[in-house]
Amino acid sequence: MKAGLYLSEKNVSVGELQKPVIKENEALIKVAYAGICGTDMMIYSGKHPRAKAPLAMGHEFSGMIEEINGESSFNIGDRVVIEPTISCGKCDACLLGNSHVCKTLQLIGIDSHGGFAEYVAVPLHRLHKVPSSLSDLHAALAEPVAVGIHTVRRSNVKVGDTVVVLGAGPIGLLIALTAKLAGAGKIFISDISPYRLGKAEEMGFIALDGKQVDVVEYVKEATNGVGADVVFEVAGSSVTVEQMIHVCRTQGQIVVVSVFKQPPTIDLAAMHFRELSLTTTRCYSSSDFAMAVSMMASGQIDVTPLISHELPLEEIKKGFELMTNPEDSLKVLFRPHV
């Protein structure tokens with residue numbers, strides 16, 4: 001079968017893989033759409049610790065069931081979206097019902113071949129049916145929507161709260177959108193990309209260009225010197241690590257979403273004297289994922305503004321080149337079957 005393969009650092013190409021032969025309790029999925037994620041960009045840059053070439057990346061994807069091996073409520077022909085996390089089911093986290101922080105958590109598209117291919121073998125319990133009101137294109141983004149939902153549910157956002165999101169990439173925008181649904185009042189979102197800030201404005205948020213304004217001072221002035229109730233750090237830079245502390249109100253909450261490539265320096269003393277709370281977040285639970293599908297299908301969450309490019313899988317090189325420049329893209333999705 002055709003597959004878009006990661007071969008080495010900044011080297012991707014269309015090649016061939018054996019079409020999967022499904023095992024017991026698996027389904028063969030004919031991929032409809034698959035999106036490039038920040039983790040795929042880390043693999044592309046040669047910096048992911050687990051991904052091994054050659055690899056068909058892609059853990060954000062939708063498709064149709066072509067084969068089933070095992071008893072299931074699913075049927076051949078069902079449209080589905082894939083929850084790509086694979087947990088051990090035996091560690092303390094899994095036994096406590098927190099399989100998304102499994103000690104040996106793996107993901108389809110990182111630890112095994114994923115959605116940048118014509119077909120993928122997926123465990124039956126990792127499938128979610130796609131309602132008729134949700135397109136295959138939009139369903140492919142259920143995974144990042146689930147990240148946004150999980151993040152906001154981990155936070156203390158309440159009706160009327162002032163929220164700051166540091167980073168206007170797809171995850172930052174989805175967190176801002178989810179925070180709005182959760183009742184947040186003013187929502188500020190910062191970035192240094194005019195293109196992404198334009199998207200933030202289109203979605204109704206207060207967009208702050210970090211190159212043009214002092215983000216901390218702007219928010220403080222807009223809140224009568226108080227600051228934000230909840231701050232989401234989604235950019236993963238030393239600049240935003242400093243901003244997240246000083247833009248947060250006394251006894252406010254900081255939620256770190258980024259996975260930092262290098263350990264950042266954090267001014268804990270500045271947090272200590274104002275009793276700031278620091279929360280981290282990882283992936284999503286299965287209930288978050290199901291909620292993402294439901295909220296997208298009902299129209300509560302519309303991912304249309306996030307989609308900048310739809311490309312045939314043959315243009316995988318172009319897709320990754322686009323994603324290296326935030327002025328050219330936001331969310332790039334591939335179609336393995338043209």
Chemist: Counting C-beta onward and ignoring hydrogens, is there a side-chain heavy-atom pair between I266 and M271 closer than 4.5 Å?
Modeler: yes
Chemist: Identify the two heavy atoms, one from L105 and one from C283, that lie closest to each other, and give their separation to 0.1 Å.
Modeler: CD2-SG, 4.1 Å
Chemist: So, does Q243 use its side chain to make a donor-acceptor pair with the main chain of H246 at under 3.5 Å?
Modeler: no
Chemist: Look only at the side chain of D302 and the backbone of G299, and say whether a donor-acceptor pair between them is shorter than 3.5 Å.
Modeler: no
Chemist: Any non-hydrogen side-chain atom of S238 less than 4.5 Å from a side-chain atom of T265?
Modeler: no
Chemist: I need the E242 CD to D267 CG distance, nearest 0.5 Å.
Modeler: 8.0 Å
Chemist: May I ask you to check whether over 12 heavy atoms, not counting those of Q300, lie within 6.0 Å of atom CD?
Modeler: yes
Chemist: What about Y33 and M41, same hydrophobic cluster or not, with Ile/Leu/Val/Met/Phe/Trp/Tyr joined at side-chain heavy-atom distances under 4.5 Å?
Modeler: no
Chemist: More than 12 foreign heavy atoms under 6.0 Å from OH of Y218: is that the case here?
Modeler: no
Chemist: When rounded to the nearest 0.5 angstrom, what is the spacing between CG in L107 and CD1 in I86?
Modeler: 8.0 Å
Chemist: Does anything in residues 108-124 form a salt bridge (Lys or Arg N to Asp or Glu O under 4.0 Å)? List the pairs, not counting sequence neighbours.
Modeler: R50-D111
Chemist: Count the heavy atoms belonging to other residues, nucleotides or ligands that lie under 6.0 Å from CD1 of I206, then report whether that count exceeds 12.
Modeler: yes
Chemist: If you apply the rule side chain to side chain contact (heavy atoms under 4.5 Å, CB included), what do you find for T39 with M57, and how did you get there?
Modeler: CA-CA 9 Å; T39 304; M57 296 179 281; over 6 Å; no
Chemist: In this structure, are over 12 heavy atoms from other groups packed under 6.0 Å from E327 atom CD?
Modeler: yes
Chemist: Please examine the side chains of F116 and V31, heavy atoms only from C-beta on, and report whether any two atoms are closer than 4.5 Å.
Modeler: no
Chemist: Take Y119 and H113, measure what ring pair (Phe, Tyr, Trp, His ring centres under 6.0 Å) needs, and give me the verdict at the end.
Modeler: CA-CA 9 Å; Y119 297 92; H113 292 308; over 10 Å; no
Chemist: Give a yes or no answer on whether the side chain of R274 reaches the backbone of I245 with a donor-acceptor pair at less than 3.5 Å.
Modeler: yes
Chemist: How many angstroms lie between atom CZ of R196 and atom CD1 of I189, to the nearest 0.5 angstrom?
Modeler: 10.5 Å
Chemist: Side chains of S112 and Q106: donor-acceptor distance under 3.5 Å anywhere?
Modeler: no
Chemist: Please lay out, stage by stage, how L127 and I82 fare under the test side chain to side chain contact (heavy atoms under 4.5 Å, CB included).
Modeler: CA-CA 5 Å; L127 301 178; I82 286 71; 3.9 Å; yes
Chemist: Kindly say whether V215 contributes a backbone atom to a donor-acceptor pair with the side chain of S190 at under 3.5 angstrom?
Modeler: no
Chemist: Taking the side chain as everything from C-beta on, heavy atoms only, tell me whether S13 gets closer than 4.5 Å to L5.
Modeler: no
Chemist: If every non-hydrogen atom of A121 is compared with every non-hydrogen atom of L28, which pair is closest and at what distance?
Modeler: N-CD1, 4.5 Å
Chemist: Decide yes or no for L134 and V81: does some side-chain heavy atom of the first lie under 4.5 Å from some side-chain heavy atom of the second?
Modeler: no
Chemist: Assess whether side chain to side chain contact (heavy atoms under 4.5 Å, CB included) is satisfied between E71 and L124, documenting all intermediate values.
Modeler: CA-CA 9 Å; E71 293 185 10; L124 290 168; over 6 Å; no
Chemist: Side chains of V332 and S308: closer than 4.5 Å at any heavy-atom pair?
Modeler: yes
Chemist: Within the 4.5 Å heavy-atom criterion, are L141 and K331 side-chain neighbours or not?
Modeler: yes
Chemist: For residues Y195 and L173: do they belong to one hydrophobic cluster (side chain heavy atoms under 4.5 Å, members Ile, Leu, Val, Met, Phe, Trp, Tyr)?
Modeler: yes
Chemist: In Å, rounded to the nearest 0.5 Å, how long is the span from CD1 of I22 to CD of E67?
Modeler: 5.0 Å
Chemist: Is the Lys NZ or Arg CZ of K10 less than 6.0 Å from the centre of F320's six-membered ring, within 45° of the axis?
Modeler: no
Chemist: Is S258 reaching over with its side chain to a backbone N or O of A235, donor-acceptor style, under 3.5 angstrom?
Modeler: yes
Chemist: Is V120 linked to F334 within one hydrophobic cluster, defined over Ile, Leu, Val, Met, Phe, Trp and Tyr using a side-chain heavy-atom separation of less than 4.5 Å?
Modeler: no
Chemist: Once you round to the nearest 0.5 Å, how far does CG of L137 lie from CG of L333?
Modeler: 5.5 Å
Chemist: Ignoring hydrogens and angles, tell me if any N or O in the side chain of S294 forms a donor-acceptor pair with the backbone of A290 under 3.5 Å.
Modeler: no
Chemist: Quick one: closest heavy-atom pair of E233 and T240, and the distance?
Modeler: OE2-OG1, 2.8 Å
Chemist: If hydrophobic clusters are built from ILVMFWY residues whose side chains come within less than 4.5 Å, do F260 and V257 share one?
Modeler: no
Chemist: Nearest 0.5 Å, what's the CD1-CD1 distance between I68 and I29?
Modeler: 8.0 Å
Chemist: By the side chain to side chain donor-acceptor pair (under 3.5 Å) test, which pairs, at least two apart or in different chains, include something from residues 136-155?
Modeler: R79-D136, H138-T304, E143-Y284, H150-D288, R153-D288
Chemist: Does atom CG of N325 have more than 12 heavy-atom neighbours, drawn from other residues, nucleotides or ligands, at distances under 6.0 Å?
Modeler: yes
Chemist: Would V152 and L181 count as a side chain to side chain contact (heavy atoms under 4.5 Å, CB included) if you check the C-alpha gap in whole Å, the side-chain angles of each, and the deciding distance to 0.1 Å?
Modeler: CA-CA 10 Å; V152 174; L181 290 171; over 6 Å; no
Chemist: Are the side chains of P170 and P144 in touch, meaning some heavy atoms are under 4.5 Å apart?
Modeler: no
Chemist: Where do I110 and L55 come nearest, in terms of heavy atoms and distance?
Modeler: O-CD2, 3.6 Å
Chemist: Taking the side chain from D191 and the backbone from S193, do they hold a donor-acceptor pair closer than 3.5 Å?
Modeler: yes
Chemist: Mind checking whether V157 and L177 sit in one hydrophobic cluster, side chains of I, L, V, M, F, W, Y counted as touching below 4.5 Å?
Modeler: yes
Chemist: Between the side chain of K186 and the main-chain N/O of A222, is any donor-acceptor distance below 3.5 Å?
Modeler: yes
Chemist: Between N156 and Q253, which heavy-atom pair has the shortest distance, and what is it?
Modeler: N-OE1, 2.7 Å
Chemist: Is a side-chain N or O of K2 found less than 3.5 angstrom from the main chain of P336, in a donor-acceptor match?
Modeler: yes
Chemist: Give me the atom names and distance for the closest heavy-atom approach of C248 to D229.
Modeler: SG-O, 4.4 Å
Chemist: Does K220 use its side chain to pair, donor to acceptor, with the backbone of V247 at less than 3.5 Å?
Modeler: no
